[in-house]
Student: 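Below is a structure I'd like to ask you about.
In this chain, residues are counted from 1 in sequence order. Reckoned from all heavy atoms, side chains included, excluding hydrogens, waters and symmetry mates.
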Amino acid sequence: MKIIDLFAGCGGLSLGFELEGFKIPLAIEKDEWASETYKRNHPYTKVITGDITQIVDLENILGKNNLPIDGIIGGPPCQGFSLSGNRDKNDPRNSLFMEFVRFVKYYTPKFFVMENVTGILSMKTKDNQNVKDLILQEYNNAGYNVKICKLNAAEYGVPQSRLRIVFIGIRKDIIFDQMNLGPKPFLFKDKQITIEQAIMDLPQICSGEGAEKLEYKNMPQNDYQKWVRKNSCAIYNHISMRHTKRLIERFKNITFGQSVADVEKCHQQRKRGDVSKISGKIYSQNNMRPFPNKPSPTIPASFQSNFIHPYLNRNFTAREGARLQSFPDTYIFYGKRTTMSWEKNLSQYQQIGNAVPPLLAKAIAKNIKNYFRKETEN
């Protein structure tokens, strides 16, 4: 089956579908660095780097050999819908799902998959209408029945508790069987994968250590590590951020389940420009040391400062974040590792944190493949 990936990011959703045998002739992503990551890891996909609202010639962006399109997947930017943000009703990114609808209307695929944050279910417009209902109405008008699934990535082999909403649409001329449309949980040996199981075979580097390419020093210790290391000859993107002595001392005083909010005053964040004074700003989600024997908390775009390694006094590396998102080690990330606030492109950390976990995407893809196989048999 051939699909298009819109708002493709670095390619987590695409990778999951490719792992189930789907072909992706086209992907669209606005950010240059995320687009480069996508291109390097999906060499057989045509990638358009640009603003989707400016892509109007849909008739000619795909060659005839790539038609028809069976499915459209993607995750329209969701910052305006997010429960963790300000949920700005006037945020123009909130209307980008209409671009997704535009592609669905043009290609009339058999199915679509649209991923978003859980906040989308409670979001309202400035006229106090439920955003969810408006989305369903748009797809109904476009000729699709839709099932809404609330999924936790930890139930699908991902070493991370990450709740997401997935809209799965089926064209109205195809049987709509809601009971069989949601993906079935997938676990390694019937257990959720923990942080420890996901990352502890990687080189145990300290602050400021690491390299763009490292050798494996240990053999894989479990099924997840065997899976994530398959066909990989080296480790990439495993470079630790260089921390100050003061920051490392803070990390030493944070234990499992604690964050910067739990340290003594002498270890709290300093005022910018005057390290002799305490800033007074405490963010409980910053510098949190997660429990190693549990799945990771949600990996956000800012995870380079959100979490501390369970055993080492440093933040996670990009590769460790990728492991917690279920990206295999063969998947290499490009662009700068981190960026300053005024830089426009997405860093490696941001690309990883924004991505759909590939194993979650794989479960969705497998369910859709089986759904249409049964539909064809019937």
Side-chain angles (χ1 to χ4, degrees), residues 154 158-162 192-222 224-226 228-229 232 234-264 266-270 282-329 331-333 336-338 347-353:
V158 182
Q160 177 190 171
S161 294
R162 186 185 187 96
Q192 294 183 359
I193 305 300
T194 67
I195 295 175
E196 193 171 50
Q197 291 170 328
I199 69 171
M200 289 307 293
D201 63 312
L202 293 170
Q204 301 298 287
I205 57 177
C206 294
S207 169
E209 295 180 348
E212 284 298 336
K213 184 178 180 180
L214 293 171
E215 294 181 355
Y216 291 102
K217 295 184 178 180
N218 304 307
M219 296 296 291
Q221 302 298 312
N222 55 59
Y224 182 80
Q225 291 175 11
K226 290 175 183 176
V228 85
R229 288 169 59 158
S232 178
I235 305 162
Y236 295 86
N237 308 117
H238 191 48
I239 301 175
S240 173
M241 297 174 67
R242 189 176 300 279
H243 302 306
T244 63
K245 290 182 179 179
R246 181 182 292 110
L247 193 55
I248 292 173
E249 284 302 312
R250 180 195 298 167
F251 292 166
K252 289 179 180 179
N253 285 271
I254 298 174
T255 189
F256 301 141
Q258 291 186 340
S259 72
V260 66
D262 300 295
V263 299
E264 296 178 4
C266 61
H267 296 300
Q268 289 178 7
Q269 190 170 327
R270 301 288 162 161
I282 299 177
Y283 301 97
S284 61
Q285 292 182 330
N286 275 9
N287 303 153
M288 196 268 277
R289 195 186 295 274
F291 291 94
N293 60 346
K294 296 180 180 181
S296 170
T298 300
I299 297 293
S302 58
F303 77 90
Q304 78 270 17
S305 61
N306 284 76
F307 301 113
I308 307 170
H309 190 283
Y311 301 113
L312 303 172
N313 294 310
R314 60 164 175 79
N315 294 129
F316 282 134
T317 66
R319 177 50 54 190
E320 287 164 341
R323 282 282 189 96
L324 298 176
Q325 278 277 60
S326 74
F327 279 97
D329 288 356
Y331 211 91
I332 303 173
F333 299 87
K336 290 185 180 180
R337 280 187 293 121
T338 60
S347 68
Q348 293 175 15
Y349 281 92
Q350 290 169 321
Q351 292 174 40
I352 293 166

Student: Contact between Asn315 and His243 at the side-chain level, heavy atoms closer than 4.5 Å - yes or no?
Tutor: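 Side chain of Asn315 against side chain of His243, heavy atoms only: contact under 4.5 Å found.
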
Student: When rounded to the nearest 0.5 angstrom, what distance separates CD in Glu196 from NZ in Lys294?
Tutor: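 Rounded to the nearest 0.5 Å, the CD-NZ separation comes to 13.5 Å.
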
Student: Hey, mind stepping through Met241 and Arg314 against side chain to side chain contact (heavy atoms under 4.5 Å, CB included) and telling me if it holds?
Tutor: CA-CA 7 Å; Met241 297 174 67; Arg314 60 164 175 79; over 6 Å; no

Student: Show your working on side chain to side chain contact (heavy atoms under 4.5 Å, CB included) between Asp262 and Asn253 and close with a plain yes or no.
Tutor: CA-CA 9 Å; Asp262 300 295; Asn253 285 271; over 6 Å; no

Student: Go through the steps for Lys336 and Gln350 under the test side chain to side chain contact (heavy atoms under 4.5 Å, CB included), then give the verdict.
Tutor: CA-CA 10 Å; Lys336 290 185 180 180; Gln350 290 169 321; over 6 Å; no

Student: Within the distance-only criterion (no hydrogens, no angle test), does the side chain of Arg162 pair as donor or acceptor with the backbone N or O of Pro297 below 3.5 angstrom?
Tutor: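 No; judged by distance alone, with no hydrogens or angles, the pair does not exist.
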
Student: Would you give the length of the straight line joining atom CD1 of Ile235 to atom OH of Tyr216, rounded to the nearest 0.5 angstrom?
Tutor: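 Result: 5.0 Å between the selected atoms.
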
Student: If you compare all heavy atoms of Val260 against all heavy atoms of Arg250, which two are closest, and at what distance to 0.1 Å?
Tutor: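 It is CG2-CD, 3.8 Å.
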
Student: Taking all non-hydrogen atoms of both residues into account, name the closest pair between Leu324 and Ala198 and its distance.
Tutor: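 Closest approach of Leu324 to Ala198: CD2-CB, 4.0 Å.
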
Student: Answer yes or no: is there a donor N or O on one side and an acceptor on the other, between the side chain of Arg319 and the main chain of Tyr236, under 3.5 Å?
Tutor: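 A pair under 3.5 Å: yes.
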
Student: Working note: Lys252 + Glu249, criterion salt bridge (Lys or Arg N to Asp or Glu O under 4.0 Å); need CA distance, chi angles, decisive distance, verdict.
Tutor: CA-CA 5 Å; Lys252 289 179 180 179; Glu249 284 302 312; 3.2 Å; yes

Student: Ignoring hydrogens, what is the shortest heavy-atom contact between Phe291 and Gly257? Give both atom names and the distance.
Tutor: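 Closest heavy-atom pair between Phe291 and Gly257: CE1-CA, 3.6 Å.
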
Student: Supply the atom-to-atom distance Ser161 OG to Gln192 CD, rounded to the nearest 0.5 angstrom.
Tutor: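 The OG atom of Ser161 sits 6.0 Å away from the CD atom of Gln192.
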
Student: Considering only heavy atoms from C-beta outward, does the side chain of Gln204 approach that of Lys217 to under 4.5 Å?
Tutor: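 A side-chain contact under 4.5 Å is absent here.
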
Student: Do Ser259 and Phe307 have side-chain heavy atoms sitting under 4.5 Å apart?
Tutor: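 Counting from C-beta outward, Ser259 and Phe307 never come under 4.5 Å.
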
Student: Any side-chain heavy atom of Pro159 sitting closer than 4.5 Å to one from Ser296?
Tutor: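 With C-beta onward as the side chain, the pair stays apart.
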
Student: Has the side chain of His238 got a donor or acceptor atom that lies under 3.5 Å from a matching backbone atom of Leu214?
Tutor: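 Absent.
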
Student: What I'd like to find out is whether the side chain of Thr298 reaches to under 4.5 Å of the side chain of Gln160, using heavy atoms alone.
Tutor: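 Yes, their side chains come closer than 4.5 Å.
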
Student: Show, in sequence, the C-alpha distance, side-chain angles and deciding distance for Ile199 and Thr317, and conclude whether the side chain to side chain contact (heavy atoms under 4.5 Å, CB included) test is met.
Tutor: CA-CA 10 Å; Ile199 69 171; Thr317 66; over 6 Å; no

Student: Testing the basics here: between Tyr331 and Asn237, what is the closest heavy-atom pair and its distance to 0.1 Å?
Tutor: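 Heavy atoms only, the tightest pair is O-OD1, 4.2 Å.
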
Student: Please name the pair of heavy atoms, one in Glu320 and one in Leu202, separated by the smallest distance, quoted to 0.1 Å.
Tutor: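 Heavy atoms of Glu320 and Leu202 come nearest at CG-CD1, 3.7 Å.
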
Student: Working to the nearest 0.5 angstrom, can you tell me the gap between Ser232 OG and Ile332 CD1?
Tutor: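 Ser232 atom OG to Ile332 atom CD1 measures 8.0 Å (nearest 0.5 Å).
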
Student: So, are Arg323 and Asp201 salt-bridged, with charged N and O less than 4.0 Å apart?
Tutor: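 A salt bridge is present here (some side-chain N lies under 4.0 Å from a carboxylate O).
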
Student: For the atom pair CD1 (Ile205) and CG (Leu312), what is the distance rounded to the nearest 0.5 Å?
Tutor: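 Interatomic distance, Ile205 CD1 to Leu312 CG, rounded to 0.5 Å: 8.5 Å.
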
Student: What are the two closest heavy atoms between Val158 and Ser326, and how far apart are they?
Tutor: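 It is CG2-OG, 3.8 Å.
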
Student: Hey, what do you get for CG (Leu247) to OG (Ser207), rounding to the nearest 0.5 Å?
Tutor: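 Rounded to the nearest 0.5 Å, the CG-OG separation comes out at 8.0 Å.
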
Student: List the residues meeting side-chain hydrogen bond (donor to acceptor under 3.5 Å, both in side chains) with Gln197, not counting sequence neighbours, and say none if there are none.
Tutor: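 Gln197 satisfies side-chain hydrogen bond (donor to acceptor under 3.5 Å, both in side chains) with Thr194 only.
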
Student: Using 30° and 60° as the class limits, which term best fits the ring planes of Tyr311 and Phe256: parallel, tilted or perpendicular?
Tutor: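 Answer is perpendicular, since the angle exceeds 60°.
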
Student: Could you tell me whether the side chain of Arg289 reaches within less than 4.5 Å of the side chain of Thr255, counting heavy atoms only?
Tutor: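 Of all side-chain heavy-atom pairs linking Arg289 with Thr255, none is under 4.5 Å.
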
Student: Should the pair Phe333 and Phe327 be assigned to parallel (<30°), tilted (30 to 60°) or perpendicular (>60°) ring geometry?
Tutor: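 It falls in the perpendicular class, over 60°.
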
